[in-house]
Amino acid sequence: MRTGVIDEMQENQLSDEEYVIYRTKNSHKHDLATAKAWMITAKTLFPRNFAVQLEAYTTQKSANNPKEAARYFSSLFFDFPNEAELWEEVQHITCALQKANSNIISQFHRDMFSHMLTEVQHQLLLAMAERAEDTLEHCRLMLVLLSMLPQFVDTHGKKLADTLLTSEKHSHYQTPVNCFRKLLVVDLLPTLLSSRTIDVPQKQLYRLILKSVDFYVSWFASGSTLIQGVEESELKAEEAWTNLFKIMFAMGRKLGWELSSMFSINNRELMCQNLWSFYHSTPLGGEDSPNFRQLIYCTTVVLVESLYEYVRKINPLSFQIPNQGIKVDYTPLLLVPAILPSRDTDQEPALKRRKDDSSSSCSTLHVTVTKGCHVPTASTLLSSFLTAVSCWELLQQTEELRSEFAKICSHLRTETWLWLPSFVADVLLYQGLYSEALTKLQSLSSTLLNPQSLLLKSAGISFCLRNHFAATEQILHVIADLPAESSDPSVPPTIIPCSSSPHGKPPLHFMALNHTEIVQYAVSILVACFRDQALRNGNCDFAIGHLIVLLQYDWPNNASLLEESLEKIRRQGHFAYKLFSSYVIQVDILEEIAFLVTDQGGAINMDIFPPSATQLATQRRMTTRRGDLGAREDFRAAMKRQMSRSQENIHNLIVQFMIREREAILQAMKV
Amino acid sequence: MAIAGSPQPELHRMLRRLDFPQSAKEALACLEQLCLPLAHTRPPTSKQLDYIGEIIDEFVFCEIDHKGAKRKRLNPIQELQLLEVLLGYFAAGEDKVILNTVFMMLFTPPHTPSPSPSPSPSGFARADVFTPGTATVTLSDRMRILARLVSAAVASHNLAVLNCTGVWMQQLGCLSQHSLNLSRVFIEDYFVLNTPQSNITSTSCLEELPQLAPHFTACFLTAAAELYGGIDGNRSAYISPPVYLLNTIVNWVSSNPRLCLTPLTLNLQPLLPKGSIVMTSVTPLAGLLKWCVEAPLNPSQEKAFPVKFEKTKDSKPEWDENSNYSQLHASLLESMQERSVLQNQQQLLQAEVISPRHLLTLVRGLLDSCVKNNTNNEKIQLSLDRLAQSVQVAQSSGCLYGNTHELMQALRTLPYNRLLDIVVRRYS
């Protein structure tokens with residue numbers, strides 16, 4: 001058993017405390033119950049002796065008994081506030097609370113903490129936070145406290161918010177995406193605002209709204225999940241907006257804003273309607289009135305969110321955050337004016353706009369999206385675009401709103417948002433303000449919008465401004481620079497679908513910036529340009545010829561344009577187009593042309609084939625002049641040759657046409 | 001005996017028309033009506049008590065006939081029928097005061113001896129404990145039926161009877177001869193004749209008894225602790241508690257740290273008939289601590305639990321038994337610490353938890369044992385360690401109430417033990 005003669009002698013040297021500790025430690029060797037009895041005895045015998053009390057705690061800890069340990073630790077904590085060993089243990093506990101570490105010791109510390117009385121938990125975390133030498137560490141510990149014990153937010157919340165704001169101001173961080181702001185916005189604000197009893201001054205709340213928006217937007221715009229001063233960020237893009245909406249909702253509750261209740265509905269269209277109906281039905285008052293404030297802040301947040309979603313949808317590379325890890329082969333989209341290739345609007349829009357312009361409702365449906373876009377993505381794209389536009393328009397409604405929004409913009413430093421000017425151009429386009437849109441576009445540096453997009457968009461706008469020459473020039477430029485790539489034969493070339501807008505706003509279209517769609521759009525623009533050019537009065541065989549070549553691309557769509565062209569040729573009685581043999585291979589069209597040559601067709605004189613070697617020898621031009629039978633035979637043979645080419649890839653042929661015949665095309669446009 | 005001309009004979013006549021056990025059932029219903037005013041308004045007059053007594057004697061226990069003459073004792077089948085009637089009556093009752101009043105009326109002990117905290121074992125020879133089946137031999141019929149009723153209540157989870165019994169024991173004194181006798185039958189029924197090997201206990205609620213009927217369990221523990229071990233230096237041989245009883249108590253106390261303090265927190269006043277005086281409760285702590293301290297010097301003679309021996313082939317059986325006592329001892333220390341928690345919550349009704357007098361008798365007994373065991377210093381030291389620990393924790397937790405001077409003096413007379421020395425120096 002326990003004592004030999006030597007042990008006994010050694011025992012006699014021990015002080016009372018040492019003896020009891022010695023026996024307590026020694027008793028572990030025998031059985032747990034004996035050890036427990038000794039421990040209880042030791043604890044009660046020397047309540048002021050740290051070593052004895054620590055031994056009692058250590059025993060429970062090594063027996064992995066968090067409930068008992070919590071009791072012992074609690075009394076240690078209050079009775080021996082100056083013992084270094086105690087603080088080491090407190091440090092372990094707070095570490096375990098911050099990290100979801102799964103090792104046994106951490107788990108034990110977390111369990112033990114959970115068994116402590118609330119007041120002990122509170123004092124423990126508070127004491128640890130106050131001992132922290134570094135402000136950041138202090139704030140972090142205070143946040144652990146508030147997250148474990150949210151009931152203390154009234155006691156510590158406001159002070160902590162002030163500390164974080166001041167620390168950020170005095171820190172060296174240049175960007176709002178820093179650790180202090182993150183702790184303030186992501187970790188503290190939700191808890192702070194969830195308290196119904198805490199009293200935060202209105203001005204401070206306004207400030208906090210801006211700080212939050214600023215943080216989240218800058219974080220998104222930074223193109224990285226990194227937050228300065230934070231080792232690893234657990235912030236996720238999907239949650240970030242939800243967080244901001246929650247903050248707005250809670251802010252609104254604190255400020256008595258009726259509008260902010262809309263942040264609990266997750267539907268942009270409804271939010272937009274709320275904003276507009278509030279604007280129409282409520283007197284806004286001056287800049288400091290609550291109505292004015294809630295309108296401007298709520299609208300700004302909705303704007304920024306929908307703008308973010310919009311930009312992310314048209315070009316995910318603008319914000320890299322949501323893409324991290326998932327490298328999706330994604331084609332950027334571009335908003336362009338949809339081109340109506342024919343005058344007759346044979347297809348009525350399936351859905352008409354529900355409201356007139358003055359309401360600026362989000363339900364405008366004259367905007368289409370490329371078929372290459374999945375339906376959910378397309379509808380998100382549309383809803384976010386229309387919401388962003390609608391909010392933007394709302395913020396431009398009055399001089400007061402405009403100037404206050406400008407202040408917010410400067411506070412948020414929107415000049416650093418590289419994608420914002422291109423959105424503004426899109427808004428102008430949407431509003432049908434073409435010259436302004438063009439000016440805005442031209443002011444953009446090429447770093448903001450790539451030259452291809454710039455040219456395509458400019459071409460569409462130039463066309464809308466009836467500057468057909470410029471439109472053509474820009475289109476040809478785009479096609480000339482297009483990397484050589486054959487179109488996918490499985491995708492039949494189609495003209496861009498579009499519905500007309502009966503209310504004056506131009507139909508718009510989100511095209512995909514891929515080879516096929518760029519060519520499609522180019523052809524649409526050129527067809528539209530040449531339609532006007534070819535069918536007006538005066539001789540313009542080149543324009544008619546170019547139009548016929550282009551019509552092949554999407555044949556038999558726009559067949560009526562061929563009819564009109566043929567009608568014009570018939571009226572002229574003759575038609576010369578030296579590019580015919582190179583580019584016209586469509587069977588239907590060839591047959592129509594061949595028919596014109598016949599007597600029934602009007603025996604039109606066609607000068608469309610270059611002379612053959614024999615013809616050159618006989619000095620006979622291959623025209624279709626009446627009576628010249630040999631020439632007619634030659635013509636028929638040439639037509640047959642053309643027909644034999646009808647299986648050629650029409651897409652590539654048209655691209656070649658646009659590249660090789662640039663001068664001829666521009667020439668025809670000049671006339 | 002009936003009083004002529006009063007309306008009471010009506011009741012007698014009505015009850016006499018019924019056959020047993022129906023008559024007993026009806027009699028209990030009538031008793032309830034008679035006790036109603038006593039329970040809630042005023043103490044009974046002696047005339048009322050006599051009348052109630054007559055009904056109980058004649059119709060419940062059938063001890064006398066209609067002329068007041070003694071009758072033959074109920075046969076075993078009738079006794080079972082009576083138990084069934086009693087169990088049914090208490091289980092159905094709602095008003096606790098009425099139930100306690102009726103219970104006390106039914107089981108007022110004949111020639112009640114005054115409750116004595118220090119019992120004089122006059123009712124039975126202590127050696128009887130070792131003779132199974134003899135616990136009820138010396139009991140009156142009434143007390144025998146009560147003892148059977150309690151055993152039946154544990155078997156049938158009849159908490160109402162157990163609660164009333166707890167109150168009854170405290171009011172008569174847990175250490176009174178009646179409580180000891182009752183506990184002895186209970187031990188015989190559940191821990192001696194009927195051990196885990198006999199496979200009959202499975203339906204009883206023995207394991208959960210501390211949660212189901214804490215007050216009864218605590219009162220029972222106080223009495224049971226008194227029945228075993230060596231009491232005083234002048235008492236006969238040391239008697240080990242039955243192994244199964246010891247095991248059960250270890251489980252009860254270690255998993256219910258406040259069990260032993262239950263009598264201190266239960267206010268009986270609202271449960272008792274009007275005008276009653278609540279008796280001081282005695283916790284099982286002192287008695288059970290005595291077991292733990294005495295055990296090392298008095299190894300059990302019992303050769304029970306062959307299973308346990310198999311498990312620990314290498315160790316000596318007495319040390320296996322010792323681990324039981326270690327466990328009990330640690331749990332008792334923890335129980336004592338609960339006192340300060342209860343006091344902080346202002347749940348304590350009585351300051352005294354352990355009387356220094358109780359520990360004093362323990363010290364005196366221990367002194368004798370030490371003299372007899374003087375060759376085995378190791379065991380003496382273990383006893384003394386436990387005693388010292390008990391005194392220390394009792395002192396620090398405030399369980400030891402009153403003047404401890406005499407106790408400290410007595411502790412000095414014991415053989416030297418370092419811890420005891422520290423403790424005695426601390427509190428002298």
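In what follows, every heavy atom counts, from backbone to side chain, and hydrogens, waters and symmetry copies are set aside. Throughout, a chain's letter reflects where its sequence line sits, starting with A, and its residues are numbered from 1.
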Check your understanding: Would you say the side chain of A:D16 lies within less than 4.5 Å of the side chain of B:R426, judging by non-hydrogen atoms?
Key -> no

Exercise for review: Select all residues of residues 329-343 of chain B having any heavy atom within less than 4.5 Å of some heavy atom of chain A, and report them by number, or 'none'.
Suggested key: B:H329, B:A330, B:L333, B:E334, B:Q337

Review point. More than 12 foreign heavy atoms under 6.0 Å from CD of A:E85: is that the case here?
Key: no

Review point. Would you find more than 12 non-hydrogen atoms of other residues, nucleotides or ligands less than 6.0 Å from A:K25 atom NZ?
Key: no

Review point. Which residue pairs satisfy the side-chain hydrogen bond (donor to acceptor under 3.5 Å, both in side chains) criterion with at least one member in residues 43-53 of chain A, sequence neighbours excluded?
Key: A:K43-A:Q53, A:T44-B:Q392

Point to revise | B:S323 side, atom OG; A:L32 side, atom CG - distance, nearest 0.5 Å | key: 11.0 Å

**Study point:** Neighbour count above 12 (heavy atom, 6.0 Å) for B:Y401 OH
**Key:** no

Check your understanding: If you count the non-hydrogen atoms of other residues, nucleotides and ligands that lie under 6.0 Å from CD in B:Q346, is the total more than 12?
Key -> no

Practice item. Count the heavy atoms belonging to other residues, nucleotides or ligands that lie under 6.0 Å from NZ of A:K246, then report whether that count exceeds 12. Key: no

Review point. Which bit of B:S396 is near chain A, if near means a heavy-atom gap under 4.5 Å: side chain, backbone, both or neither?
Key: side chain

Exercise for review: Please indicate whether A:E119 has more than 12 foreign heavy atoms, meaning atoms of other residues, nucleotides or ligands, lying under 6.0 Å from its CD.
Suggested key: yes

Check your understanding: Should we say atom NE2 of B:H405 is surrounded by more than 12 heavy atoms from elsewhere, each under 6.0 Å from it?
Key -> no

Exercise for review: Examine whether an atom of B:R425 lies under 4.5 Å from a heavy atom of chain A, and if so say whether it belongs to the side chain, the backbone or both; otherwise answer neither.
Suggested key: side chain

Check your understanding: From B:L419 CG over to A:L45 CG, what is the distance, rounded to the nearest 0.5 angstrom?
Key -> 6.5 Å

